There are 2 protein chains.
Amino acid sequence: MSILKYDEGMSLRIALLGLLTTSGPSSGYDLAKRFESSINHAWQARHSQIYPELNKMAADGLVTVEEEGPRGRKTYTIAAEGRRELREWLLEGTPSRSIRSEGALRAFLLPTLEPHEAAARLRAEAEVYTARLAELEALKAAKASWKRPGFGEHALELGIRQTRVVRDWAEETAAEIERAAGDPPGGE
Amino acid sequence: MSILKYDEGMSLRIALLGLLTTSGPSSGYDLAKRFESSINHAWQARHSQIYPELNKMAADGLVTVEEEGPRGRKTYTIAAEGRRELREWLLEGTPSRSIRSEGALRAFLLPTLEPHEAAARLRAEAEVYTARLAELEALKAAKASWKRPGFGEHALELGIRQTRVVRDWAEETAAEIERAAGDPPGGE
DNA sequence: TGGTGACGTGTCAGTTTTTACATGTCAATT
DNA sequence: AATTGACATGTAAAAACTGACACGTCACCA
């Protein structure tokens, strides 16, 4: 009751509480969409995970629900207890270094291929990241829909920088592999 | 049998095959340790997940096992079929953008705190990342134990850059929040 | 009127991952 | 001789997560 375990596995709850804070009262549907856009580079969840969790959170008093409209929409609002829990997680929680990124895994293993294959694949990856970067930059330019003015920009900026770092690494590593293999690229 | 689904959930297998490629024949115990060190910023797995998976992989012919020593140690070696599978995943697999990072989630949500709390917390995070950076740099300097000479450096370099980018972002964001709040830090 | 697509919530089976339990060897120290 | 800590492997229950199924509304267009 008093000893709280913010060990692991709170992440979905926390993410939901965070989105409810930054975007104001939302439906599960809204939150699911937001997982696909704003918070996508940090955490993900499908609606099949979100809906049950929201119900549990309501039962635990972290959020309040309001049934609304003819489509059965439910609007969730963060409650005082939810705010407290989010705050406590941010202040007391031990920063876990847990990361799972299939992209990083791929990058990690690409150099196990033959040099020219590896380089080609790395360049392809770099292109993907360049495209993603463009998306994020566009989002930054649009920077709409943040309840607290100026809030989401910091997060977006981190996403941009992280994407750029992988892109640049992929390009440079491709070049280095080609150089080491004495197998320079065609045109340049 | 012939139609392979490299959709999702192959990651553990792939990571294991990758480690077996870069580090040579290893025991489950070795691989578990390697998950904690080299590949940690891309994927993680506990021994309780690794041991059963290795057994399945052996049953599927991706690796060969050799019982060894009095402590019941089993040494796994990647087989031709395993090499093929890893290669195919790297060449054909669709790059998924799925990322789960509790650290990124925290960074994302920190600005929901009061400005001075957020800034303080961001600076604390930055310190953690600085320490982690030092670890990685030390590892880079030591750069031992890579079977294929020069292999792991690329991956390590990516880890270093990613860590640095978060560290710098945290520091800059802290400064910006303080500035915006008209609440400059003590000394400077 | 019928179709499509966004809105909106939910469940369930199966897979992946964590936490805890369980067992035993070997080398070095006390 | 006993303890400690690294070595070494496993299992089982529970939690987290995915993918598919399922149902129903509303607005717009043909």
Side-chain angles (χ1 to χ4, degrees), chain A residues 5-16 19 23 25-37 39-40 42-60 63 65-76 94 96-102 105, chain B residues 4-16 23 25-37 39-40 42-60 63 65-76 94 96-102 105:
Chain A
K5 312 197 321 173
Y6 289 121
D7 300 322
E8 309 287 328
M10 293 291 298
S11 304
L12 177 58
R13 233 160 220 242
I14 295 300
L16 254 11
L19 287 175
S23 313
S26 314
S27 68
Y29 187 85
D30 294 335
L31 293 166
K33 272 197 305 182
R34 204 131 313 170
F35 263 106
E36 282 167 18
S37 53
I39 213 176
N40 191 255
W43 208 261
Q44 294 133 247
R46 307 294 168 88
H47 77 270
S48 57
Q49 210 188 344
I50 293 169
Y51 290 130
E53 186 64 26
L54 283 171
N55 284 328
K56 270 190 258 172
M57 287 162 74
D60 292 349
V63 295
V65 205
E66 199 192 345
E67 302 248 0
E68 212 195 329
R71 276 193 230 189
R73 179 188 168 97
K74 293 181 185 178
T75 301
Y76 294 88
T94 53
S96 136
R97 69 177 64 190
S98 148
I99 298 180
R100 266 205 178 77
S101 160
E102 211 175 293
L105 180 62
Chain B
L4 295 162
K5 310 196 325 172
Y6 290 122
D7 301 320
E8 308 286 327
M10 294 291 299
S11 304
L12 176 59
R13 235 160 218 241
I14 296 301
L16 254 11
S23 314
S26 313
S27 66
Y29 188 85
D30 294 335
L31 293 167
K33 272 197 305 181
R34 206 131 312 170
F35 263 106
E36 283 168 16
S37 52
I39 212 176
N40 190 254
W43 209 262
Q44 294 134 247
R46 306 291 167 86
H47 77 269
S48 58
Q49 208 187 347
I50 293 169
Y51 289 129
E53 186 64 26
L54 283 171
N55 284 328
K56 267 190 262 172
M57 287 161 74
D60 292 348
V63 296
V65 206
E66 198 192 345
E67 302 247 0
E68 211 197 329
R71 280 194 227 186
R73 178 189 168 95
K74 292 181 183 175
T75 301
Y76 294 88
T94 51
S96 135
R97 68 176 62 189
S98 147
I99 298 182
R100 268 201 178 78
S101 161
E102 211 174 292
L105 180 61

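Numbers restart at 1 for each chain; the letters A, B, ... are given by sequence-line order, proteins then strands. Quantities reported herein were computed from a predicted structural model and do not represent experimental measurements.
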*Asks:* When you compare the protein's N or O atoms with those of nucleotides 5-7 of chain D, which come within less than 3.5 Å of each other, and at what distance?
*Replies:*
residue: D:dC7; atom: OP2; partner: B:Tyr29; partner atom: OH; Å: 3.0
residue: D:dC7; atom: O4'; partner: B:Arg71; partner atom: NH1; Å: 3.0

*Asks:* Remember a base hit wins even if backbone is also touched, and classify B:Arg100 as base, sugar-phosphate or nothing at under 4.0 Å, heavy atoms.
*Replies:*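 B:Arg100: backbone/sugar contact only, no base atoms under 4.0 Å.
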
*Asks:* Closest-nucleotide mapping onto DNA chain D: is A:Ala45 or B:Pro52 further toward the 5' terminus? I mean the 5' end.
*Replies:* B:Pro52

*Asks:* Could you measure the distance from the OH atom of B:Tyr76 to the CE atom of B:Met57? Nearest 0.5 Å is fine.
*Replies:* 9.5 Å

*Asks:* Given 3.5 Å as the limit, does a donor-acceptor pair link the side chain of B:Asp30 with the main chain of B:Ser27, or not?
*Replies:*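 Between the backbone of B:Ser27 and the side chain of B:Asp30 there is a qualifying donor-acceptor contact (under 3.5 Å).
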
*Asks:* Whether the A:Arg34 and A:Ser23 side chains hold a donor-acceptor pair (N or O, under 3.5 Å, no angle test) is what I'd like checked.
*Replies:*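 A:Arg34 vs A:Ser23: donor-acceptor pair found between side chains.
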
*Asks:* Of the options D:dC17, C:dT19, C:dG10, whose atoms approach the side-chain atoms of A:Trp43 most closely?
*Replies:*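 Per side-chain heavy atoms of A:Trp43, the pick is D:dC17.
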
*Asks:* Hey, which of these two, A:Gln44 or B:Lys74, hits DNA chain D nearer its 5' end, going by closest nucleotide?
*Replies:* B:Lys74

*Asks:* Give the rounded distance in Å between these two atoms: NE2 of B:His47 and P of C:dT23.
*Replies:* 14 Å

*Asks:* Would you mind reading off the distance between A:Glu102 atom CD and C:dT15 atom P, rounded to a whole angstrom?
*Replies:*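 So the CD-P distance, A:Glu102 to C:dT15, works out to 18 Å.
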
*Asks:* Tell me if the side-chain of B:Ser48 makes a donor-acceptor pair with the base of C:dT19, cut-off 3.5 Å, by modelled atom types.
*Replies:* yes

*Asks:* Between the main-chain N or O of B:Ile99 and the side-chain N or O of A:Gln44, is there a donor-acceptor pair closer than 3.5 Å?
*Replies:* yes

*Asks:* Given atom CZ of A:Arg46 and atom P of D:dA20, what is their separation to the nearest angstrom?
*Replies:* 10 Å

*Asks:* Separation of B:Leu54 atom CG from C:dT17 atom P, in whole Å?
*Replies:* 14 Å

*Asks:* Over how many whole Å does the gap from A:Ile50 atom CD1 to C:dC12 atom P extend?
*Replies:*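 After rounding, the reported distance stands at 19 Å.
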
*Asks:* Output the rounded distance in Å from CD (A:Glu67) to P (D:dT25).
*Replies:*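 One finds 15 Å between P of D:dT25 and CD of A:Glu67, rounded.
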
*Asks:* Can you list the residues that meet the side-chain contact (heavy atoms from CB on, under 4.5 Å) rule with A:Arg46, with sequence neighbours excluded?
*Replies:* A:Ser48

*Asks:* Assess, by modelled atom type and distance only, whether the side chains of B:Thr75 and B:Glu68 contain a donor and an acceptor separated by less than 3.5 Å.
*Replies:*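 Note: B:Thr75 and B:Glu68 side chains meet the donor-acceptor criterion.
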
*Asks:* If you check the A:Tyr51 side chain, which of D:dT18, C:dT9, D:dT9 turns out closest?
*Replies:* C:dT9

*Asks:* When you get a sec, tell me which of C:dT17, C:dC26, C:dG10 is the closest nucleotide to the side chain of B:Gln49?
*Replies:* C:dT17

*Asks:* Can you tell me the distance, in whole Å, between the CG atom of B:Leu12 and the P atom of C:dT17?
*Replies:*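 My rounded result for the distance is 6 Å.
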
*Asks:* Apply side-chain contact (heavy atoms from CB on, under 4.5 Å) to B:Lys56 and list each qualifying residue two or more places apart in sequence or on a separate chain.
*Replies:* B:Arg13, B:Glu53

*Asks:* Quick one: A:Arg34 CZ to C:dG8 P, roughly how many Å, whole number?
*Replies:*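 One finds 12 Å between P of C:dG8 and CZ of A:Arg34, rounded.
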
